[in-house]
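Remarks on the structure that follows.
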Amino acid sequence: MAGTPKPKNVAFKDWMYSCFKEDVSWGGSRWNDKIPEHKHFAPSLLVDTSSDKSGGGTFRVVTFNVHFFRVGFSSTIIGDSLGECLDVIAALSADVLLLQEVPASLVGPVTIRLKALGFPHPTFAG
């Protein structure tokens, strides 16, 4: 939405959040397709690649600030984004996943969901 003026009938925070959502929504595969494959990298030396969904030769590390699994910004909370975040995590096919801003109250449920997505060793730091 770069260069788009804010509509007069929309609150500034609501407009900023819609800009943020649009930026995030088009970032997915468009940017991931540009991640180079390292042909000389041997991930089998580091991890078991028998379940590698990418076809081998890649080792993907993903960091994701989940913003407490909230839809909104600053002090404006519009809803819950846990399901959407887990959908994105599943689509990224990460070998190593680093989540930021996971609330302590959700560590248990998030651990269960991450294990179901194929992350067998979740670890959290407070």
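In this chain, residues are counted from 1 in sequence order.
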Hydrophobic clustering (ILVMFWY, side-chain heavy atoms < 4.5 Å, transitive) - are L82 and I89 grouped together?
yes

Taking the side chain as everything from C-beta on, heavy atoms only, tell me whether V66 gets closer than 4.5 Å to V110.
no

Check this for me: K6, atom NZ, are more than 12 non-hydrogen atoms of other residues, nucleotides or ligands nearer than 6.0 Å?
yes

If you count every heavy atom of other residues, nucleotides or ligands that lies below 6.0 Å from E101 atom CD, does the total exceed 12?
yes

Find out if a path of hydrophobic residues (ILVMFWY) with successive side-chain heavy-atom gaps under 4.5 Å connects I112 to L99.
no

Show the numbers, then the answer: is there a side-chain contact (heavy atoms from CB on, under 4.5 Å) between F69 and V102?
CA-CA 7 Å; F69 298 111; V102 174; 4.1 Å; yes

What pairs with P120 under side-chain contact (heavy atoms from CB on, under 4.5 Å), at least two apart in sequence or on another chain?
none

Does F68 share a hydrophobic cluster with L106, counting links as ILVMFWY side-chain heavy atoms below 4.5 Å and allowing steps through other members?
no

With sequence neighbours left out, write down each residue that passes side-chain contact (heavy atoms from CB on, under 4.5 Å) with T63, or none if nothing qualifies.
L98, Q100

Could you pull out the closest heavy-atom pair between P122 and F124, with the gap in Å?
CB-CE1, 4.1 Å

